[in-house]
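The structure displayed is predicted, hence computed values, not measured ones. Lettering follows sequence order; numbering is per chain, from 1.
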Amino acid sequence: MKIATWNVNSLKVRQQHVLDWLQLSQADVLCLQELKLTDDKFPRTDFEAAGYKSWFAGQKTYNGVGILVRDGVSVDEGSVVRNIPGFDDPQQRVIAATINGVRIVSAYFPNGQAVGSEKFAYKMRWLDALHDWLIDEIKAHPKLALLGDYNIAPEDRDVHDPKAWEGQNLVSPEERAQFVRLVGLGLTDSFRQFEQPEKLFTWWDYRMLAFRRNAGLRIDHILLSAELAATCSACEVDKVPRKWEQPSDHAPVIATIG
DNA sequence: ATGGCAGCCGTGGGCTGA
């Protein structure tokens, strides 16, 4: 089974890119972030026509997450959960579902804006809540995959210019400690299970010709529970859609499991 | 040192992203 994640930065603008990439990648499951639309605007029937069923949690203007599942892949309809249970939050950042026996979590982690800001404090609270929820979730579902835009570059090798970024939002010690804490739940960064090219990132700023200069960060991740990591045979970043006209600033990440 | 691009809302330019 191929599972993938992609921050599309507006599904309204990127709908055709998603359809094109599903064709190219043959993903069975695609987790989406930053839909930036309300549920009534989600193009469910367009994805259905392309052979994918969808579950989503959206809102106006910001955030919003979804999961697309190829027809023929079994989804436990009653298993769908929106938001982190017990964490009261108007921001739509999490949706989870049990797909082909695998607990799939599509997550859009808070950006944090700047270390020390109120938004950064929210990011930390949100990460605490995610961590605590996942303790129980992994117990209940030994096969679990946490896919999404983490807004954390875990190590210096995930940063184009570690010196310039040192201590900044997205790479700060506090955020990296939270990433390590998630790994401590028994999760594996599937990207690092395999040999990868140097300086392969998942996000490049729209400004400063950042993509052309490969001035990026690796902030989109697929973490797998031990049981799933043992079956993972590949994890790749697909930079191709970042070269398309009017692209998302993120590239999709795809892993093969089972 | 700063802003630079993109999307949203909604018609100005501010907010947010990463």
Side-chain angles (χ1 to χ4, degrees), chain A residues 5-18 31-43 56-66 89-94 106-127 130 147-179 191 199-222 237 239 241-253:
Chain A
T5 181
W6 196 5
N7 178 325
V8 291
N9 185 22
S10 168
L11 185 56
K12 184 186 171 190
V13 175
R14 235 67 66 186
Q15 179 180 337
Q16 193 56 50
H17 282 198
V18 173
C31 296
L32 299 173
Q33 299 88 34
E34 281 210 85
L35 305 178
K36 295 189 172 179
L37 41 75
T38 49
D39 287 350
D40 58 302
K41 301 261 174 42
F42 192 98
F56 42 88
Q59 68 183 89
K60 200 173 179 180
T61 312
Y62 300 118
N63 309 313
V65 287
D89 191 353
Q91 302 187 33
Q92 302 299 311
R93 296 185 175 279
V94 171
S106 175
Y108 176 45
F109 292 37
N111 174 286
Q113 200 164 64
V115 176
S117 68
E118 177 48 47
K119 289 198 172 70
F120 189 85
Y122 163 71
K123 183 177 194 173
M124 291 297 118
R125 287 198 303 277
W126 188 94
L127 280 158
L130 179 74
L147 307 92
D149 176 359
Y150 284 54
N151 272 316
I152 301 172
E155 299 178 50
D156 278 353
R157 59 178 165 161
D158 302 313
V159 180
H160 68 96
D161 186 348
K163 270 219 167 113
W165 278 86
E166 193 177 359
Q168 299 296 308
N169 189 49
L170 309 183
V171 309
S172 73
E174 299 98 308
E175 291 160 90
R176 286 178 168 177
Q178 289 277 14
F179 186 91
F191 184 80
K199 300 185 187 303
L200 180 51
F201 307 120
T202 67
W203 170 84
W204 303 261
D205 202 306
Y206 284 121
R207 297 165 288 188
M208 303 178 296
L209 306 169
F211 184 68
R212 200 196 294 180
R213 296 189 296 117
N214 195 32
L217 304 174
R218 191 176 72 92
I219 54 177
D220 300 85
H221 308 295
I222 300 177
V237 176
K239 287 170 72 169
R242 188 63 176 77
K243 300 168 189 169
W244 292 345
E245 197 178 334
Q246 203 179 5
S248 167
D249 44 358
H250 293 254
V253 185

Between [M] and [N] - [atom1] atom distance, rounded Å:
N: dG12(B); M: dA1(B); atom1: C1'; answer: 28 Å
N: dG10(B); M: dC15(B); atom1: P; answer: 15 Å
N: dG4(B); M: dT16(B); atom1: C1'; answer: 16 Å
N: dG3(B); M: dG14(B); atom1: C1'; answer: 16 Å

- Message: Are His250(A) and Trp6(A) an aromatic pair, judged by ring center distance below 6.0 Å?
- Response: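 Between His250(A) and Trp6(A), which both carry aromatic rings, the centre distance is not below 6.0 Å.
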- Does Leu147(A) reach the side chain of His221(A), with side-chain heavy atoms less than 4.5 Å apart?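 Not in contact.
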Let me know the distance between [atom1] of [X] and [atom2] of [N], rounded to the nearest Å.
X: Asn63(A); N: dC15(B); atom1: CG; atom2: C1'; answer: 13 Å
X: Asn9(A); N: dG7(B); atom1: CG; atom2: C1'; answer: 6 Å
X: Leu35(A); N: dC8(B); atom1: CG; atom2: C1'; answer: 14 Å
X: Gln59(A); N: dC9(B); atom1: CD; atom2: P; answer: 11 Å
X: Ile152(A); N: dG17(B); atom1: CD1; atom2: P; answer: 15 Å
X: Lys41(A); N: dC8(B); atom1: NZ; atom2: C1'; answer: 12 Å
X: Met208(A); N: dG3(B); atom1: CE; atom2: P; answer: 13 Å
X: Gln113(A); N: dG14(B); atom1: CD; atom2: P; answer: 16 Å

If you compare every side-chain N and O of [X] against the phosphate oxygens of [N] (OP1, OP2), does one of them come in below 4.0 Å?
X: Lys60(A); N: dC8(B); value: no
X: Arg14(A); N: dA6(B); value: no
X: Ser10(A); N: dC8(B); value: yes

Using a 4.0 Å heavy-atom cut-off, does [X] contact any base of the nucleic acid, only the sugar-phosphate backbone, or nothing at all?
X: Leu209(A); result: nothing
X: Gln246(A); result: sugar-phosphate
X: Tyr108(A); result: sugar-phosphate
X: Asn151(A); result: sugar-phosphate
X: Asn7(A); result: sugar-phosphate

- Task: Check for a donor-acceptor pair, side chain of Arg176(A) on one end and backbone N or O of Val171(A) on the other, with a separation under 3.5 Å.
- Result: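 Yes; judged by distance alone, with no hydrogens or angles, the pair exists.
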- Taking the side chain of Arg207(A) as its heavy atoms from C-beta onward, which of dC8(B), dC15(B), dG4(B) lies nearest to it?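 The listed nucleotide nearest to Arg207(A)'s side chain is dG4(B).
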- Message: We want to know whether Thr38(A) and Gln59(A) form a side-chain donor-acceptor pair, criterion being a heavy-atom distance below 3.5 angstrom.
- Response: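 Thr38(A) vs Gln59(A): no donor-acceptor pair found between side chains.
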- Just say parallel, tilted or perpendicular for the rings of Trp165(A) and Trp203(A), cut-offs at 30° and 60°.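 Aromatic pair Trp165(A)/Trp203(A) classed perpendicular.
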- Query: For Leu11(A) and Trp165(A), take the nucleotide of DNA chain B holding the closest heavy atom to each; which residue's nucleotide lies nearer the 5' end?
  - Reply: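 In this pair, the answer is Leu11(A).
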- Message: Quick check on DNA chain B: between Ala114(A) and Pro247(A), whose nearest nucleotide comes earlier from the 5' end?
- Response: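 Closer to the 5' end of DNA chain B: Pro247(A).
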- Query: Within 45° of the axis and under 6.0 Å from the centre of the six-membered ring of Tyr108(A), does NZ or CZ of Arg93(A) qualify?
  - Reply: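 So Arg93(A) does make the cation-pi contact.
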